[in-house]
Amino acid sequence: MAQDIIRITSPQSSVMAELNDSPAAQALLAMLPLDLAMTDHLRQEKTGDLPQALPAGDRQRDFSTGTLGLWSSRDFVIYYRDGRVPSPGIVILGQVLDDVSMFDNADPVTVRIEAAD
């Protein structure tokens, strides 16, 4: 199955990301475009509340730089460092294809997430 490409834009820059074909990622795609206020968490990720819950899925504890994930059913996460989360882990939604250093700061940011043309 073809992967879906999205664009995540902040006031500073934008990155492209590839969503996987999981039910959760496809549900995220269906709610785009979306403006999402995100805050920094543990100096490893930006996290924001989605307007509605996404379906549950398989979880894993390890993540890499650029991983897009789902902590709780509405908690969208962009990881800008490698790491590991506690149980029950995260649902992987996809992977950023570009440099995510624009998120590597403690500042809150509002991003626009939309399907790429």
Side-chain angles (χ1 to χ4, degrees):
M1 176 179 283
Q3 302 297 296
D4 293 298
I5 304 296
I6 61 171
R7 179 179 297 109
I8 304 171
T9 304
S10 78
Q12 293 77 30
S13 188
S14 69
V15 295
M16 304 299 276
E18 183 175 68
L19 295 179
N20 60 35
D21 63 357
S22 69
Q26 295 307 301
L28 175 65
L29 186 64
M31 70 172 63
L32 301 182
L34 176 66
D35 293 317
L36 192 61
M38 303 188 82
T39 57
D40 198 73
H41 184 68
L42 300 175
R43 291 294 289 126
Q44 68 182 15
E45 66 199 63
K46 293 291 194 231
T47 182
D49 279 335
L50 296 170
Q52 61 191 42
L54 299 182
D58 293 336
R59 291 180 173 270
Q60 69 182 55
R61 295 184 60 200
D62 295 316
F63 59 86
S64 61
T65 301
T67 295
L68 300 179
L70 188 64
W71 174 251
S72 69
S73 63
R74 290 183 53 195
D75 193 10
F76 178 75
V77 184
I78 303 170
Y79 292 97
Y80 57 81
R81 296 177 194 244
D82 295 343
R84 186 171 175 87
V85 295
S87 289
I90 56 172
V91 175
I92 302 297
L93 299 173
Q95 182 69 35
V96 175
L97 302 171
D98 301 309
D99 179 10
V100 293
S101 63
M102 69 183 197
F103 298 113
D104 189 356
N105 59 66
D107 300 330
V109 64
T110 296
V111 298
R112 180 156 184 89
I113 307 169
E114 57 194 339
D117 297 330

Q: Nearest 0.5 angstrom please: Arg59 CZ to Arg61 CZ, how far?
A: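 Between Arg59 CZ and Arg61 CZ, I get 12.5 Å after rounding to 0.5 Å.
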
Q: Please tell me whether Val77 and Leu34 are part of a single hydrophobic cluster in this structure, the criterion being side-chain heavy atoms less than 4.5 Å apart.
A: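 They do not share one cluster, since no chain of ILVMFWY contacts under 4.5 Å joins Val77 to Leu34.
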
Q: Nearest 0.5 angstrom please: Ile78 CD1 to Leu36 CG, how far?
A: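 Between Ile78 CD1 and Leu36 CG, I get 8.0 Å after rounding to 0.5 Å.
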
Q: Run the salt bridge (Lys or Arg N to Asp or Glu O under 4.0 Å) test against Asp62 and tell me which residues pass, sequence neighbours left out.
A: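 Asp62: salt bridge (Lys or Arg N to Asp or Glu O under 4.0 Å) contacts with Arg84.
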
Q: Measure the shortest side-chain to side-chain distance between Gln95 and Thr67 over non-hydrogen atoms and say whether it is less than 4.5 angstrom.
A: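 Side-chain contact under 4.5 Å: yes.
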
Q: Could you state the interatomic distance from CG (Leu19) to CG (Leu68), rounded to the nearest 0.5 Å?
A: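 If we round to the nearest 0.5 Å, Leu19:CG and Leu68:CG are 6.5 Å apart.
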
Q: For Val96 and Phe103: C-alpha separation, side-chain torsions, deciding distance, then whether side chain to side chain contact (heavy atoms under 4.5 Å, CB included) applies.
A: CA-CA 12 Å; Val96 175; Phe103 298 113; 5.7 Å; no

Q: Any salt bridge (Lys or Arg N to Asp or Glu O under 4.0 Å) pairs touching residues 72-83, not counting sequence neighbours?
A: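 Sorted pair list: Arg81-Asp104.
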
Q: Does the pair Trp71 and Glu45 meet the rule for a side chain to side chain contact (heavy atoms under 4.5 Å, CB included), with working shown?
A: CA-CA 11 Å; Trp71 174 251; Glu45 66 199 63; over 6 Å; no

Q: Counting distance only, does the side-chain N/O of Asn20 pair as donor-acceptor with the main-chain N or O of Ile92 below 3.5 Å?
A: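 Pair found, side chain donor or acceptor close to backbone of Ile92.
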
Q: What are the two closest heavy atoms between Ala116 and Met16, and how far apart are they?
A: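 Taking Ala116 first and Met16 second, the nearest heavy atoms are CB-CE, 3.3 Å.
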
Q: Atom CE of Met102 and atom OG of Ser14: how far apart are they, to the nearest 0.5 Å?
A: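 With rounding to 0.5 Å, CE (Met102) is 6.5 Å from OG (Ser14).
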
Q: Check for me, please, whether Met31 and Met38 land in the same ILVMFWY cluster - side-chain distances under 4.5 Å, paths through other members count.
A: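 Per the 4.5 Å side-chain linkage, Met31 and Met38 are co-clustered.
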
Q: Which side-chain N or O atoms in residues 49-58 pair as donor and acceptor under 3.5 Å with protein atoms at least two apart or in another chain?
A:
none

Q: Heavy atoms only: give me the nearest Pro11-Val109 pair and the separation to one decimal.
A: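 Heavy atoms only, the tightest pair is CD-CG2, 3.8 Å.
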
Q: Please name the residue in the list Ile8, Thr39, Asp40 that meets the side chain to side chain contact (heavy atoms under 4.5 Å, CB included) test with Lys46.
A: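 With Lys46 as partner, Ile8, Thr39, Asp40 yield a single side chain to side chain contact (heavy atoms under 4.5 Å, CB included), made by Asp40.
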
Q: Do Leu70 and Val100 sit in the same hydrophobic cluster, where Ile, Leu, Val, Met, Phe, Trp and Tyr count as joined when their side-chain heavy atoms come under 4.5 Å apart?
A: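 Same hydrophobic cluster.
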
Q: Would you tell me whether Gln12 and Ser10 have side-chain atoms, one donor and one acceptor, within less than 3.5 Å of each other?
A: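 There is such a pair (donor and acceptor under 3.5 Å, judged by atom type) between the side chains of Gln12 and Ser10.
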
Q: About how many Å separate CZ of Arg112 and CD1 of Ile6, when rounded to the nearest 0.5 Å?
A: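 These two atoms lie 12.5 Å from each other.
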
Q: Quick one: does Ile90's side chain get under 4.5 Å of Tyr79's, heavy atoms only?
A: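 Answer yes - side chains close enough.
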
Q: If you group Ile, Leu, Val, Met, Phe, Trp and Tyr by side-chain heavy-atom gaps below 4.5 Å, do Phe76 and Tyr80 land in one group?
A: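 Yes: a chain of side-chain contacts under 4.5 Å links Phe76 to Tyr80.
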
Q: With side chain to side chain contact (heavy atoms under 4.5 Å, CB included) as the test, would you mind laying out the steps for Leu28 and Leu93 before giving the verdict?
A: CA-CA 9 Å; Leu28 175 65; Leu93 299 173; 4.2 Å; yes

Q: Using the rule given for side chain to side chain contact (heavy atoms under 4.5 Å, CB included), can you reason through Ile5 versus Leu97, listing the C-alpha separation, both sets of side-chain angles and the distance that settles it, and then say yes or no?
A: CA-CA 9 Å; Ile5 304 296; Leu97 302 171; 4.0 Å; yes

